[in-house]
Amino acid sequence: MIALVDCNSFYASCEQVFRPDLQNRPVVVLSNNDGCIIAANKEAKALVDIPMFQPVFKIKKILDDHHVVCFSSNYTLYSDMSRRVMDTLKTFSPLIEEYSIDESFIDLSFYQGKALETIAHKIKDTIFKNTGIPVGIGVAKTKSLAKMANKFAKKIPENNNVYVVDSEEKRKHLLQTSTIKDIWGIGRKHTVRIENTGKKTAWDFANMEVAWVRKEMTVIGERLWRELNNFPCLEIVTSTDAKKGIGTAKSFGKKLDDYGLVEEACSYYVAEVADLLRQQKSAATQMEIFLTTNYHNDGDKQYRNKIIITLDSPTNSTIKLTQQALIGLKKIYKDGYRYKKVGVNLFHLVPEHQIQLNLFEQPSKIESKKLTDAIDTLNDKFGKNKVKLATVGNREKQWALIKEHRSPRYTTQWEELLTIGGL
DNA sequence: TCTGGGGTCCTAGGACCC
DNA sequence: TCTGGGGTCCTAGGACCC
């Protein structure tokens, strides 16, 4: 049996752990630049139907009227809290798949013959005791069923955040009370396609002709169909393979029409992805640079473009990548537009110890690696970006993300530790 | 005025090989 | 007139996830 453990309104819960005064109050967390709503606790969801990913300015009045507490996203805090939750989970099973920042699949075969419902409650209570984060747990024979059981566990209050699919009856009940779009892996498009055939519930889907499913939804759909029928097709994935591509692209805090600032932002993001690349000990063969104006804004002149740069030989040197990135940026940058976003993507990653040098390349690689290593060491010791390329600029980041309501990084910065009044 | 960011997997079709 | 059969590799685009 497999359990899917999922934190309840994770980002909002993280904020509430350190703010007991916000218990039972509506809380939402905003995306980068405080643009959209990306998490809402149950009090906030109960108040109004807060649509996720809605731009905040469209529902500002609702938030104000109900005194909803808004936080900018604080990923440093959420990542650290996630680690704590996962550490606790690891004490219950040796086989864990960290599926996302707030959920994990865990293998429960270790507990064969024991009452899984009791175990699940114990896991839930221990996580809450250790971290203050409430979780829901779904248990079933397959990952897809566990995922749905988890949703069901949270939806029905009597379930008390735990639902175990350990009988044919319960499987049927779960599937019959779930809609098509409740199924994990079925999104908007497929929901329409399936509903057009007259099916309404997950149970209907699980009883469709498998040939139809295969034809319309490819092998992914067929696996899902089999999983809902209790045949495991998806394994718990414990090893995390090196990523196949690494990228970053963030909207500026304000629109930019100055090449120098766009260049600064671009350099900054290249340094960021190059760092990630070195952390996973890979080197990139290809790099894409793109920039775009704000396409939501009809009034502005629109322009977007990208350029793909093939590197002479794979590299993870910030210096080399930045050089190439800025040559590329210059080629696609056009004056006279107000830019909203610049981004960089690295592809065709290879392990750094397998770099095939270009036939004509001078063996200066070693020196360049020494320099990069030295910079990494200094930054590890003295803090992020203490040593950086001049192209990143040394002034205040005029393009920085807007984060007006960011909470302290309670668990990772000494200066931001939680203080308790009166002590 | 204000609209996120980071991923994965699969298929079809082109281009090429023997 | 008659035009095989078996492959690989790569990319773009679709669909979905958190």
Side-chain angles (χ1 to χ4, degrees), chain A residues 4-11 28-39 51-61 63-64 70 72-75 78-79 82 97-105 143-144 147-148 150-151 180-194 213-224 233-235 237 240-255 269 272-273 276 280 285-286 288 290 292-300 306 308 310 338 340-349 401-405:
Chain A
L4 188 266
V5 182
D6 183 310
C7 301
N8 301 351
S9 324
F10 182 55
Y11 296 170
V28 298
V29 178
L30 311 178
S31 66
N32 281 338
N33 284 321
D34 295 345
C36 293
I37 296 196
I38 54 168
M52 289 294 160
F53 306 105
Q54 270 290 300
V56 173
F57 74 93
K58 280 192 181 166
I59 53 165
K60 184 98 177 60
K61 188 162 182 326
L63 299 178
D64 287 348
C70 294
S72 302
S73 33
N74 182 349
Y75 288 104
Y78 311 150
S79 307
S82 169
E97 173 179 351
E98 288 187 28
Y99 182 69
S100 77
I101 192 166
D102 75 329
E103 60 188 291
S104 273
F105 289 100
K143 281 169 93 173
S144 306
K147 183 83 188 175
M148 291 183 69
N150 179 285
K151 216 173 195 178
I180 302 290
K181 73 169 192 310
D182 287 337
I183 303 170
W184 180 49
I186 295 189
R188 254 197 0 248
K189 302 273 173 138
H190 283 139
T191 299
V192 173
R193 234 173 271 176
I194 295 164
V213 176
R214 176 72 188 218
K215 186 162 163 285
E216 297 293 322
M217 301 171 63
T218 77
V219 68
I220 297 181
E222 181 170 343
R223 275 182 206 142
L224 194 52
C233 296
L234 305 172
E235 288 185 341
V237 182
T240 47
D241 292 352
K243 288 196 182 112
K244 291 164 185 153
I246 292 180
T248 192
K250 293 182 188 96
S251 299
F252 306 129
K254 63 175 189 189
K255 287 181 210 153
Y269 295 147
E272 230 173 38
V273 291
L276 290 172
Q280 74 160 34
T285 317
Q286 250 186 3
E288 174 191 63
F290 66 92
T292 172
T293 51
N294 185 359
Y295 46 88
H296 290 293
N297 203 336
D298 296 338
D300 271 11
K306 65 173 181 181
I308 293 185
T310 302
R338 301 167 71 212
K340 182 63 182 165
K341 187 193 276 186
V342 68
V344 47
N345 286 310
L346 303 174
F347 314 112
H348 297 132
L349 309 187
L401 298 171
I402 295 168
K403 284 183 183 290
E404 282 186 9
H405 317 283

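To find a chain, count down the sequence lines: A is the first, B the second, and so on, and within it residues start at 1.
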Intra- and inter-strand pairs of DNA chain B in dot-bracket (Watson-Crick or G-U wobble, both distances under 3.5 Å; | for another strand): ....||||||||||||||
Heavy-atom contact window of chain A on DNA chain C, given 5' to 3' at under 4.0 Å: dT11(C) to dC18(C)
Gap separating the NZ atom of K143(A) from the CH2 atom of W184(A), nearest 0.5 angstrom: 5.5 Å
Within the 4.0 Å heavy-atom criterion, would you say N294(A) contacts the bases, only the backbone, or no part of the nucleic acid? sugar-phosphate
Y78(A) vs Y11(A) aromatic rings, parallel, tilted or perpendicular, using cut-offs 30° and 60°? parallel
K250(A) near the nucleic acid: base, sugar-phosphate alone, or nothing, with a heavy-atom cut-off under 4.0 Å? sugar-phosphate
Counting the atoms with a prime plus P, OP1 and OP2 as sugar-phosphate, which does L30(A) contact under 4.0 Å by heavy atoms, base, sugar-phosphate, or nothing? nothing
Output all residues satisfying side chain to side chain donor-acceptor pair (under 3.5 Å) with R214(A), sequence neighbours left out; order by chain, then residue number. E222(A)
If you look at every strand shown and take non-hydrogen atoms under 4.0 Å, does G343(A) touch a base, only sugar-phosphate, or nothing? nothing
Pick base, sugar-phosphate or nothing for N33(A), based on heavy-atom distances below 4.0 Å to the nucleic acid. nothing
Could you tell me whether S73(A) contacts a base, only the sugar-phosphate backbone, or nothing, with contacts defined as non-hydrogen atoms closer than 4.0 Å? nothing
Flag the pair K340(A) and D300(A) as a salt bridge only when some basic side-chain nitrogen lies within less than 4.0 angstrom of an acidic carboxylate oxygen. no
Under 4.0 Å, counting only non-hydrogen atoms across every strand here, what does K254(A) touch: a base, just sugar-phosphate, or nothing? nothing
For the C1' atoms, the ones on dC17(C) and on dG4(B), what distance do you get once it is rounded to whole angstrom? 15 Å
Could you check whether K181(A) gets within reach of a base, just the sugar-phosphate, or nothing at all, counting any heavy atom under 4.0 Å? nothing
